[in-house]
K.L.:
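Before I ask anything, let me first share the structure, which is written out below as structure tokens.
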Amino acid sequence: MKQENSRSASYTVECEDYVHVVEFNPFESGTAESLIAYGGNNYVVVGTCRFQDEDTEVEGIQYKTLRVFHHGIRVDVIAWSPETRLDALSPQIRFCTAAADKKLRLFTSDLQENNGYKTLEGHSDYINDVVFSPKEGQEIASVSDDHTCRVWDLEGNLTTDFVLRSPGVSVGWHPEDAFKLMVAEKNGTIRFYDLVTHQAILSLTTDQTPLMSANWCLKNTFKVGAVAGNDWFIWDITRSSYPLDKRPVHADRARLFRWSRVNENLFATTGYPGKMTSQLLVHHLGHPQPILIGSAPVGSGLTWHRTLPLCAVGGDHKLFFWMTEM
């Protein structure tokens with residue numbers, strides 16, 4: 001792999017703490033700025049950003065912290081609710097976190113006086129991924145090392161419980177297919193469950209383990225991507241349960257896979273933190289080599305901007321942003 005296209009981040013934001021996870025809000029929230037949340041050792045910071053690529057009056061990046069939420073324990077996963085709005089008379093911020101104590105916390109805030117969270121308990125092991133139902137945001141799905149995928153209502157009641165054959169690593173809910181849930185397991189299987197009949201209706205498989213991360217493409221419901229071992233995998237679910245394409249990417253094992261939200265051929269993968277400096281690879285299905293190699297000293301988390309081909313990774317007291325030239 002040619003290293004000369006390895007480059008430092010397009011933009012950075014200084015943070016108070018080590019960043020374990022970072023998430024752009026994937027939903028329209030009613031303002032020109034993008035909402036972003038990141039989690040440290042015991043808090044979640046919610047802020048807005050605007051980039052020069054979308055507004056010529058901005059130099060580089062314009063970042064503003066809206067609120068810091070005390071969390072009390074390391075934050076491992078953050079999921080945004082589609083109910084989050086900044087343009088309402090009384091703004092509403094809503095997101096859910098997963099933490100090392102095996103609990104989910106559902107935060108709701110009006111950015112003024114009303115700030116609270118509800119704890120959702122029931123998982124007996126580490127929670128690896130969380131997602132809101134994408135239309136109304138009235139349910140939350142989570143997957144765990146306890147071999148379950150659970151669906152909760154906003155009161156914290158369990159509404160559905162799928163028993164898995166190995167630890168659940170990723171869960172996906174598509175706005176165009178709200179009655180299906182994608183669940184990826186460490187053993188290399190990705191299943192789609194029908195939320196009405198509670199049956200598995202489709203399964204995909206890798207010939208490699210451990211599967212660490214899978215993602216359902218927002219721009220094309222038939223596309224699913226994942227990383228397992230050192231490779232990335234892409235499926236077309238209308239054609240086969242076996243991958244359409246696979247390629248080795250990270251010598252030190254791959255960690256995360258995320259599709260771009262603006263281009264169905266663009267995706268990013270990260271390697272394991274701390275092994276190498278080159279953590280982030282951006283791939284385009286039309287190119288044999290990664291189109292961008294981003295180097296951050298120790299990176300964690302991976303998220304794409306809602307409307308730009310720009311992705312972010314957390315790190316040591318910093319957020320790193322890479323703009324992809326498409």
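Note that the numbering runs from 1 along the sequence shown for the chain. What you are looking at is a predicted structure, and each value in this text was computed from that prediction instead of being measured.
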K.L.:
Please report the closest heavy-atom contact between Pro243 and Phe233, naming both atoms and the distance.
P.N.:
CG-CD2, 3.6 Å
K.L.:
Of all the heavy-atom pairs spanning Ala254 and Val227, show the shortest one and how long it is.
P.N.:
CB-CB, 3.5 Å
K.L.:
Test your reading of the model: is there a side-chain donor-acceptor pair from Ser300 to the backbone of Val19, 3.5 Å cut-off?
P.N.:
yes
K.L.:
Treating Ile, Leu, Val, Met, Phe, Trp and Tyr as nodes and any side-chain heavy-atom pair under 4.5 angstrom as an edge, say whether Val169 and Leu202 lie in one connected cluster.
P.N.:
yes
K.L.:
Out of curiosity, does Val224 fall in the hydrophobic cluster containing Leu211 (side-chain heavy atoms, cut-off under 4.5 Å, transitive links)?
P.N.:
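Result: yes, single cluster for both.
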K.L.:
Measure the acute angle between the ring planes of Phe107 and His71, then classify it against the limits of 30° and 60° as parallel, tilted or perpendicular.
P.N.:
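Phe107 and His71: parallel rings.
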K.L.:
Assess the side chains of His147 and Asp125: does a donor N or O sit below 3.5 Å from an acceptor N or O?
P.N.:
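Per modelled atom types, His147 and Asp125 side chains form no pair under 3.5 Å.
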K.L.:
Using ring-ring contact (aromatic ring centres under 6.0 Å, His included) as the criterion, point out the one residue from Tyr38, Tyr11, Phe51 that pairs with Phe321.
P.N.:
Phe51
K.L.:
Using atom types as modelled and distance alone, determine if a side-chain donor or acceptor of His250 lies under 3.5 Å from a backbone N or O of Asp252.
P.N.:
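No; zero donor-acceptor contacts below 3.5 Å.
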K.L.:
Can a donor-acceptor pair be found, under 3.5 Å and without considering hydrogens, that links the side chain of Ser295 to the backbone of Ser8?
P.N.:
no
K.L.:
At what distance, to the nearest 0.5 angstrom, does OG1 of Thr269 lie from CZ of Arg258?
P.N.:
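Reported to 0.5 Å precision, the distance equals 11.5 Å.
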K.L.:
Quick check on Gln138: does its CD atom have over 12 non-hydrogen neighbours (other residues, nucleotides or ligands) under 6.0 Å away?
P.N.:
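Yes.
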K.L.:
For residues Ile140 and Arg150, determine if any side-chain heavy atom of one lies less than 4.5 Å from a side-chain heavy atom of the other.
P.N.:
no
K.L.:
For Phe95 and Val44, run side chain to side chain contact (heavy atoms under 4.5 Å, CB included): C-alpha distance rounded to whole Å, both residues' side-chain angles, the deciding distance at 0.1 Å, then the answer.
P.N.:
CA-CA 10 Å; Phe95 60 90; Val44 177; 3.8 Å; yes
K.L.:
Using a 4.5 Å cut-off on heavy atoms from C-beta on, say whether the side chain of Leu35 contacts that of Trp80.
P.N.:
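Yes, close enough: below the 4.5 Å cut-off.
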K.L.:
Can you tell me how far apart NZ (Lys64) and CG (Leu66) are? Round to the nearest 0.5 Å.
P.N.:
5.5 Å
K.L.:
Under 3.5 Å, is there a donor-acceptor pair between the Thr108 and Gln92 side chains?
P.N.:
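There is no such pair between these side chains.
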K.L.:
Decide yes or no for Leu106 and Phe132: does some side-chain heavy atom of the first lie under 4.5 Å from some side-chain heavy atom of the second?
P.N.:
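Leu106 reaches Phe132 side chain to side chain.
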K.L.:
Taking C-beta and beyond as the side chain, do His70 and Val68 meet within less than 4.5 Å on heavy atoms?
P.N.:
no
K.L.:
Ignoring hydrogens and geometry, is there a side-chain-to-backbone donor-acceptor pair from Arg261 to Trp304 under 3.5 Å?
P.N.:
yes
K.L.:
With side chain to side chain contact (heavy atoms under 4.5 Å, CB included) as the test, would you mind laying out the steps for Ile73 and Asn42 before giving the verdict?
P.N.:
CA-CA 4 Å; Ile73 188 168; Asn42 54 24; 6.0 Å; no
K.L.:
Which value, rounded to the nearest 0.5 Å, describes the distance between Met182 atom CE and Lys180 atom NZ?
P.N.:
13.0 Å
K.L.:
Taking atom CD of Glu16 as the centre, does the number of heavy atoms from other residues, nucleotides or ligands within less than 6.0 Å exceed 12?
P.N.:
no
K.L.:
Examine distances only and state if a side-chain atom of Asp146 and a backbone atom of Ser124 form a donor-acceptor pair shorter than 3.5 Å.
P.N.:
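Checking the backbone N and O of Ser124 against the side chain of Asp146, a donor-acceptor pair under 3.5 Å is found.
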K.L.:
Honestly curious: do Leu266 and Leu280 fall in one hydrophobic cluster under the side-chain, below-4.5 Å linking rule?
P.N.:
yes
K.L.:
Can any side-chain N or O of Trp322 pair as donor or acceptor with the backbone N or O of Val313 at less than 3.5 Å?
P.N.:
no
K.L.:
Could you report the tightest heavy-atom contact between Ala178 and Leu195, atom names first, then the distance?
P.N.:
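Looking at all heavy atoms of both residues, the shortest contact is O-CD1, 3.8 Å.
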K.L.:
Tell me if a side-chain donor or acceptor on His287 pairs with a main-chain N or O of His284 at a distance below 3.5 Å.
P.N.:
no
K.L.:
Any non-hydrogen side-chain atom of Ile36 less than 4.5 Å from a side-chain atom of Thr48?
P.N.:
no
K.L.:
Determine the sole option in Ser170, Cys149, Pro167 for which the side-chain contact (heavy atoms from CB on, under 4.5 Å) test with Val143 is passed.
P.N.:
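For Val143, the side-chain contact (heavy atoms from CB on, under 4.5 Å) check succeeds only for Cys149.
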K.L.:
Is there side-chain contact between Ile234 and Trp259, with heavy atoms separated by less than 4.5 Å?
P.N.:
yes
K.L.:
Are Asp161 and Thr148 packed together at the side-chain level, in the sense that at least one heavy-atom pair is separated by less than 4.5 angstrom?
P.N.:
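Result yes, sub-4.5 Å side-chain heavy-atom pair found.
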K.L.:
Please walk me through it: do His20 and Asn41 pass side chain to side chain donor-acceptor pair (under 3.5 Å)?
P.N.:
CA-CA 8 Å; His20 293 284; Asn41 287 321; 2.6 Å; yes
K.L.:
Okay, side chain of Thr12, backbone of Phe320: is any donor-acceptor separation there less than 3.5 Å?
P.N.:
no
K.L.:
Could you grab the distance from atom CG of Leu281 to atom CG of Leu302, nearest 0.5 Å is fine?
P.N.:
10.5 Å
K.L.:
Donor-acceptor pair, distance only, cut-off 3.5 Å: does the side chain of Thr159 make one with the backbone of Val151?
P.N.:
yes
K.L.:
From His123 NE2 over to Lys103 NZ, what is the distance, rounded to the nearest 0.5 angstrom?
P.N.:
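Interatomic distance, His123 NE2 to Lys103 NZ, rounded to 0.5 Å: 13.5 Å.
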K.L.:
Between Lys318 and Asp316, is the closest basic N to carboxylate O distance under 4.0 Å?
P.N.:
no
K.L.:
Should the ring pair Phe267 and His283 be called parallel, tilted or perpendicular, given that the plane angle runs from 0 to 90° and is split at 30 and 60?
P.N.:
parallel
K.L.:
When you check the gap from the basic side-chain N to the acidic O, do Arg306 and Glu28 get nearer than 4.0 Å?
P.N.:
yes
K.L.:
If you apply the rule side chain to side chain contact (heavy atoms under 4.5 Å, CB included), what do you find for Leu310 with Ser10, and how did you get there?
P.N.:
CA-CA 9 Å; Leu310 174 141; Ser10 315; 5.9 Å; no
K.L.:
Under 4.0 Å between a side-chain nitrogen and a carboxylate oxygen: does that hold for Lys246 and Asp207?
P.N.:
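Counted as a salt bridge, because a side-chain N and a carboxylate O are separated by less than 4.0 Å.
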K.L.:
His305 side chain to Val262 main-chain N or O, any donor-acceptor pair under 3.5 Å?
P.N.:
no
K.L.:
Say whether Phe222 and Ile190 are linked into one hydrophobic cluster, either directly or through other cluster members, by side-chain heavy-atom distances under 4.5 angstrom.
P.N.:
yes
K.L.:
Looking only at heavy atoms, what is the nearest atom pair of Ser109 and Leu111, with distance?
P.N.:
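Nearest heavy atoms, Ser109 then Leu111: OG-N, 2.8 Å.
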K.L.:
Measure across Ala98 and Leu104 and return the closest heavy-atom pair with its distance rounded to 0.1 Å.
P.N.:
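Here Ala98 and Leu104 meet closest at CB-CD2, 3.9 Å.
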K.L.:
Could you check whether Phe192 and Trp216 have their ring centres less than 6.0 Å apart?
P.N.:
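Distance test on ring centres: under 6.0 Å, yes.
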K.L.:
Between Arg191 and Glu185, is there a side-chain N and carboxylate O pair less than 4.0 Å apart?
P.N.:
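Answer for the salt bridge query: yes.
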K.L.:
Give the minimum heavy-atom separation between Val130 and Cys96, together with the two atoms involved.
P.N.:
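Closest heavy-atom pair between Val130 and Cys96: CG1-SG, 4.0 Å.
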K.L.:
Spell out, yes or no, whether Val21 and Phe24 are grouped together once hydrophobic residues are joined by side-chain heavy atoms under 4.5 Å, including indirect joins.
P.N.:
no
K.L.:
I would like to know whether Val131 and His174 meet side chain to side chain contact (heavy atoms under 4.5 Å, CB included); could you show each step before the answer?
P.N.:
CA-CA 10 Å; Val131 66; His174 206 290; over 6 Å; no
K.L.:
Roughly how far, to the nearest 0.5 Å, is the CG atom of Asp101 from the OG1 atom of Thr119?
P.N.:
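Interatomic distance, Thr119 OG1 to Asp101 CG, rounded to 0.5 Å: 8.0 Å.
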K.L.:
Would Trp235 and Ser240 count as a side chain to side chain donor-acceptor pair (under 3.5 Å) here? Give the steps.
P.N.:
CA-CA 7 Å; Trp235 290 264; Ser240 170; over 6 Å; no
K.L.:
For residues Asn215 and Lys223, is any side-chain donor paired with an opposing acceptor at under 3.5 Å?
P.N.:
no
K.L.:
Can you find a pair of side-chain heavy atoms, one from Phe69 and one from Tyr117, that are under 4.5 Å apart?
P.N.:
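No, too far: nothing below the 4.5 Å cut-off.
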K.L.:
What I want to check is whether the side chains of Ser142 and Trp152 have a donor and an acceptor closer together than 3.5 Å.
P.N.:
yes
